[in-house]
Amino acid sequence: MQPRMRLMQPLKLLAIALSLLVFPVSAAIEAYQFQSDEQEALFRELAAELRCPKCQNQNIADSDAALAQDLRAKVYEMVSEGQDKQAVVDYMVARYGHFVHYQPPSSAASVIIAGPILLILIAGFVVVWRVRAGRKLSQRSDIQVDDERVQKLLGEAIPSASSSTPAAADSPNTSANKEK
């Protein structure tokens, strides 16, 4: 066997292996035929809005799970029958719970879940506000204390300045003493 032929054998095997890898991907693509563009748009909207109950945070359009394929088929069936978006969502919620919908409605359960989180956020805001207000008050009181000290020092300095004038008069180098 020639050296060139030896090199071609692994490349042919690699090409065959790659073509086998592509085949299952193309088999997973589903093609639905719709009667109108509105139905197709509704199907795409619902497929993006409904969550796959089996997968971790994937909608039924992105999921490859068998359950997501079944849900897509059910959505297609309901949309083809002419049912509106709310009817499809209601059916899915009745069957799989609110988890299947990315926009669950507000309910008492959601308030119970979100209530403590909201209270913690409010308490944190109040603590931060009180700490900041305390710092500002402390800075103001420090400034007032400093102002009082300055006033006190100035008050002491003024009498000492006035008391220095008689002392200056007593000193021998004053102008009154020079005239004598």
Check your understanding: More than 12 non-hydrogen atoms from neighbouring residues, nucleotides or ligands closer than 6.0 Å to CD on Q56, yes or no?
Key -> no

Point to revise | CG/D147: more than 12 non-hydrogen atoms of other groups inside 6.0 Å | key: yes

Measuring from [X]:[atom1] to [Y]:[atom2], what's the distance to the nearest 0.5 Å?
| X | Y | atom1 | atom2 | result |
| --- | --- | --- | --- | --- |
| M78 | K85 | CE | NZ | 14.0 Å |
| D142 | L137 | CG | CG | 9.5 Å |
| R140 | K136 | CZ | NZ | 7.5 Å |
| C55 | L67 | SG | CG | 8.0 Å |
| L118 | I113 | CG | CD1 | 13.5 Å |
| K54 | D70 | NZ | CG | 10.0 Å |

Practice item. With sequence neighbours left out, write down each residue that passes ring pair (Phe, Tyr, Trp, His ring centres under 6.0 Å) with Y102, or none if nothing qualifies. Key: none

Check your understanding: Quick one: does Q39's side chain have a donor or acceptor within less than 3.5 Å of a partner on Q35's backbone?
Key -> yes

Practice item. May I ask you to decide if A47's main-chain N or O and R72's side chain share a donor-acceptor pair within less than 3.5 Å? Key: no

Considering all heavy atoms of both residues, which atom of [X] and which atom of [Y] are nearest to each other, and what is their separation?
| X | Y | value |
| --- | --- | --- |
| Q33 | Y76 | O-OH, 2.6 Å |
| L50 | H101 | CD2-CD2, 4.1 Å |
| S138 | S141 | O-OG, 2.9 Å |
| L42 | Q83 | CD2-O, 3.8 Å |
| A68 | C52 | CB-SG, 3.9 Å |

What I'd like to find out is whether the side chain of [X] reaches to under 4.5 Å of the side chain of [Y], using heavy atoms alone.
| X | Y | answer |
| --- | --- | --- |
| V88 | D84 | no |
| Q58 | R51 | no |
| L71 | Y96 | yes |
| K74 | R95 | no |

Check your understanding: Between E40 and R44, is there a salt bridge with N-O shorter than 4.0 Å?
Key -> yes

